[in-house]
Student: 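Could you have a look at this structure, given as structure tokens, before my questions?
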There are 2 protein chains.
Amino acid sequence: MRKVTTVNVNGLRAAAKKGYVEWLAATEADVVCLQEVRAESHQLTDAVRDPEGWHAFYAPSAAKGRAGVALLTRQEPEAVRVGFGTEEFEESGRYVEADLPGLTVASLYLPSGEVGTERQDEKERFMKAFLPYLCDLRERSAAGGREVLVCGDWNIAHQEADLKNWRGNRKSSGFLPEERAWLSRVLDASEGGYMDVVRGLHPEVEGPYSWWSYRGRAFDNDTGWRIDYHMATPGLASRAVKAYVERAATHDQRWSDHAPVSAVFDH
Amino acid sequence: MRKVTTVNVNGLRAAAKKGYVEWLAATEADVVCLQEVRAESHQLTDAVRDPEGWHAFYAPSAAKGRAGVALLTRQEPEAVRVGFGTEEFEESGRYVEADLPGLTVASLYLPSGEVGTERQDEKERFMKAFLPYLCDLRERSAAGGREVLVCGDWNIAHQEADLKNWRGNRKSSGFLPEERAWLSRVLDASEGGYMDVVRGLHPEVEGPYSWWSYRGRAFDNDTGWRIDYHMATPGLASRAVKAYVERAATHDQRWSDHAPVSAVFDH
DNA sequence: CGTAGTAGG
DNA sequence: CCTATTACG
């Protein structure tokens, strides 16, 4: 495993018609993590559901047309698991993980919230349940000799450098103080203990953003958010040699409001 | 008034983006009758709602996004009336009429039905209430020295020549014996007393069809129905010199599942 | 197979 | 603004 890419496709059926298929055919990634598949497997064409040369695993949501994550791996995994053990989210299409030799890799779609609504409460319940799981996962994997990489749409920008208009979004879901504090705990060596691979390799830059609203000229003006992360255990993070947002993948013809984010690892 | 065109636009907002605007700008009609506007006036752009050179009158449905008829006239009408006096259908967006010198012209969208459903019952209630109105209208207009022309989507094919696959549709709403019999009463000299202008000028042809399903290759194969009619009082019908379906108007780029139907009158 | 509606993001 | 749903045609 050298390269892992994560991308929120915002509806795999729509994305497949607009450029996702060509992008996947051209990628050199060994693992691709998808979020917002927004389809049941039988609604996908065979070629999209099971692309040539990949093993594909889907965790759809029980709610039709919502959420849905997937993992594509070149190598056949030793095991695949859906959900993280919290009843409320088991069939929410938000988490799938696979064991590869020396690595557990996961595709995560953390709920998006809206301040003052039940959806924000749901996001917070997810966060509360998911952090202990991340700790368990890290410990369990360490015992099994595996590094961990949790990729996906975390729906939180961590620091001011992670979104263009941070001042205007201090009261917006996705940049609330409690959400940012939660991500800090994920990254805290004494708690979650994960590393933000992209930020680790690019500590001083604005962004790079991975999501731009479809409204207005957000993409053209690069008015974006960095909410898609590769969160890695330190041993794996130390092997990261390259990490970048494939902004150009959706430049000519946008096939999602997110761009793919990739990380390349040494040996 | 020389030329009157009727067209079911199947959503004026969608049609306006796909070719309706250009078609209207090029037409030489003096009156245009629209059905299935499927929008409230404020949802239309100014140029679409009030096209240059026309007087426009809308009768939207109380149900958002449904039905809706309109009349466009080059000349300012002496009067415009919405509905035909039957409570159930007053705000259903199915009937508007206007008085022009020597003529009352109407835009009608008769409900489409589906056998065995409440929608078929509604269609039948509409038919039952509308026939007496047509008789009243004819008599009232005659007393006022006006001819009558009721144009629109009647949602009934009258005879076998009025749809491609009449055998297969004998139990389909739109070609049921009772619907065909009702149209015969509209045309019966001793009852409705109206004339089918297009059929009057083209007694021996199949069609010409004015609606083709979007499903399959119906348009390319001309598997259509003739359900859009100009129904005229005899004095006006006798002045018809030309009547045709503008199939080519939606040939390159279809902007509705119906094509405009036009009739040209002498003096 | 389209156009609407509405929910979600 | 975009992708889904569902209702209607």
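When reading the values below, keep in mind they use all heavy atoms of this one structure, side chains included, and skip hydrogens, waters and symmetry mates. Letters go in sequence order (proteins before strands), and every chain restarts at 1.
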Student: For a side-chain contact (heavy atoms from CB on, under 4.5 Å) check, start with the C-alpha distance between A:W154 and A:L108, then their side-chain angles and the critical distance, and finish with the verdict.
Tutor: CA-CA 7 Å; A:W154 293 63; A:L108 166 71; 3.4 Å; yes

Student: Quick check for you: among C:dA4, D:dG9, C:dG9, whose closest atom lies nearest to any side-chain atom of B:R38?
Tutor: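 Shortest atom-to-atom distance from the side chain points to C:dA4.
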
Student: Indicate, with a heavy-atom threshold strictly under 4.0 Å, whether B:K17 touches base, sugar-phosphate, or nothing.
Tutor: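 Answer is nothing: B:K17 stays at 4.0 Å or more from every strand.
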
Student: Is any side-chain N of the basic residue among B:D162 and B:R180 closer than 4.0 Å to the acidic one's carboxylate O?
Tutor: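 Judged by the 4.0 Å cut-off on N to carboxylate O distance, B:D162 and B:R180 do not form a salt bridge.
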
Student: Give the C-alpha distance, both sets of side-chain angles, the deciding distance and a yes or no for side-chain contact (heavy atoms from CB on, under 4.5 Å) between A:V7 and A:D228.
Tutor: CA-CA 8 Å; A:V7 58; A:D228 301 281; over 6 Å; no

Student: Map A:N10 and B:R215 onto DNA chain D by nearest heavy atom, then report which one ends up closer to the 5' terminus.
Tutor: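 With A:N10 and B:R215 compared, the 5'-side residue is A:N10.
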
Student: What nucleic acid atoms does A:D257 come within less than 4.0 Å of, heavy atoms only: base, sugar-phosphate, or nothing?
Tutor: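 No contact.
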
Student: How many Å lie between OH on B:Y109 and P on D:dC8, as a whole number?
Tutor: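 B:Y109 atom OH is separated from D:dC8 atom P by 12 Å.
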
Student: Looking at D:dT5, I'd like to know if its phosphate oxygens (OP1 or OP2) sit under 4.0 Å from a side-chain N or O belonging to A:R13.
Tutor: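 For A:R13, the contact criterion (side-chain N or O under 4.0 Å from OP1 or OP2 of D:dT5) is met.
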
Student: Using only atom types and a distance under 3.5 Å, with no angle test, would you say the side chain of B:R119 pairs donor to acceptor with the backbone of B:E114?
Tutor: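 Not confirmed, B:R119 side chain does not pair with B:E114 backbone.
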
Student: Does the side chain of A:K18 get closer than 4.0 angstrom to OP1 or OP2 of D:dT3 through an N or O atom?
Tutor: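 Checking A:K18 against D:dT3: at least one side-chain N or O falls below 4.0 Å of OP1 or OP2.
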
Student: Name the one of A:R226, A:Q159, A:H230 that satisfies side-chain hydrogen bond (donor to acceptor under 3.5 Å, both in side chains) with A:D196?
Tutor: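 Exactly one option meets the side-chain hydrogen bond (donor to acceptor under 3.5 Å, both in side chains) with A:D196, and it is A:R226.
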
Student: Could you tell me whether A:E118 and A:R125 make a salt bridge, using a distance below 4.0 angstrom between a side-chain N and a carboxylate O?
Tutor: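 A:R125 and A:E118: salt-bridged.
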
Student: Could you state the atom-to-atom distance from CG of B:N155 to P of D:dC8 in whole Å?
Tutor: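 Atom-to-atom, B:N155 to D:dC8, this comes out as 15 Å.
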
Student: Report which part of the nucleic acid A:K123 touches: base, sugar-phosphate, or nothing (heavy-atom distance under 4.0 Å, all strands).
Tutor: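 The answer is nothing, as A:K123 stays clear of every strand by at least 4.0 Å.
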
Student: Starting at atom CZ of A:R254, determine the distance to atom C1' of D:dT3, rounded to an integer number of angstrom.
Tutor: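 Rounding to the nearest Å, CZ of A:R254 and C1' of D:dT3 are 13 Å apart.
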
Student: How many Å lie between CD on A:Q35 and P on D:dA4, as a whole number?
Tutor: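 Going from CD in A:Q35 over to P in D:dA4 covers 15 Å.
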
Student: Report the distance from atom CD of B:E122 to atom P of D:dC8, rounded to the nearest whole Å.
Tutor: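 That distance rounds to 10 Å.
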
Student: What are the residues of residues 39-50 of chain A, sorted by number, that bring a heavy atom to within less than 4.0 Å of DNA chain D?
Tutor: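 Under 4.0 Å from DNA chain D: A:Q43.
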
Student: Closest approach to the side chain of B:Y214, judged atom by atom: which nucleotide of C:dC1, D:dC8, D:dA4 is it?
Tutor: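 Ranking C:dC1, D:dC8, D:dA4 by closest atom to the B:Y214 side chain puts C:dC1 first.
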
Student: Atom CG of B:N8 and atom C1' of C:dA4: how far apart are they, to the nearest Å?
Tutor: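 These atoms are roughly 13 Å apart.
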
Student: A:W211 CH2 to C:dG8 P: how many Å, rounded?
Tutor: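 Whole-Å distance recorded here is 17 Å.
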
Student: What is the minimum heavy-atom distance between B:W255 and B:Y214, and which atoms define it?
Tutor: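 Taking B:W255 first and B:Y214 second, the nearest heavy atoms are C-OH, 4.3 Å.
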
Student: A:K64 has a side chain; which of C:dG2, C:dG5, D:dT5 sits nearest to it?
Tutor: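 The closest nucleotide is D:dT5.
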
Student: Checking only heavy atoms, does the side chain of A:R66 share a donor-acceptor pair with the base of C:dG9 at less than 3.5 Å?
Tutor: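 Not at all, since no donor on one side and acceptor on the other fall under 3.5 Å apart.
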
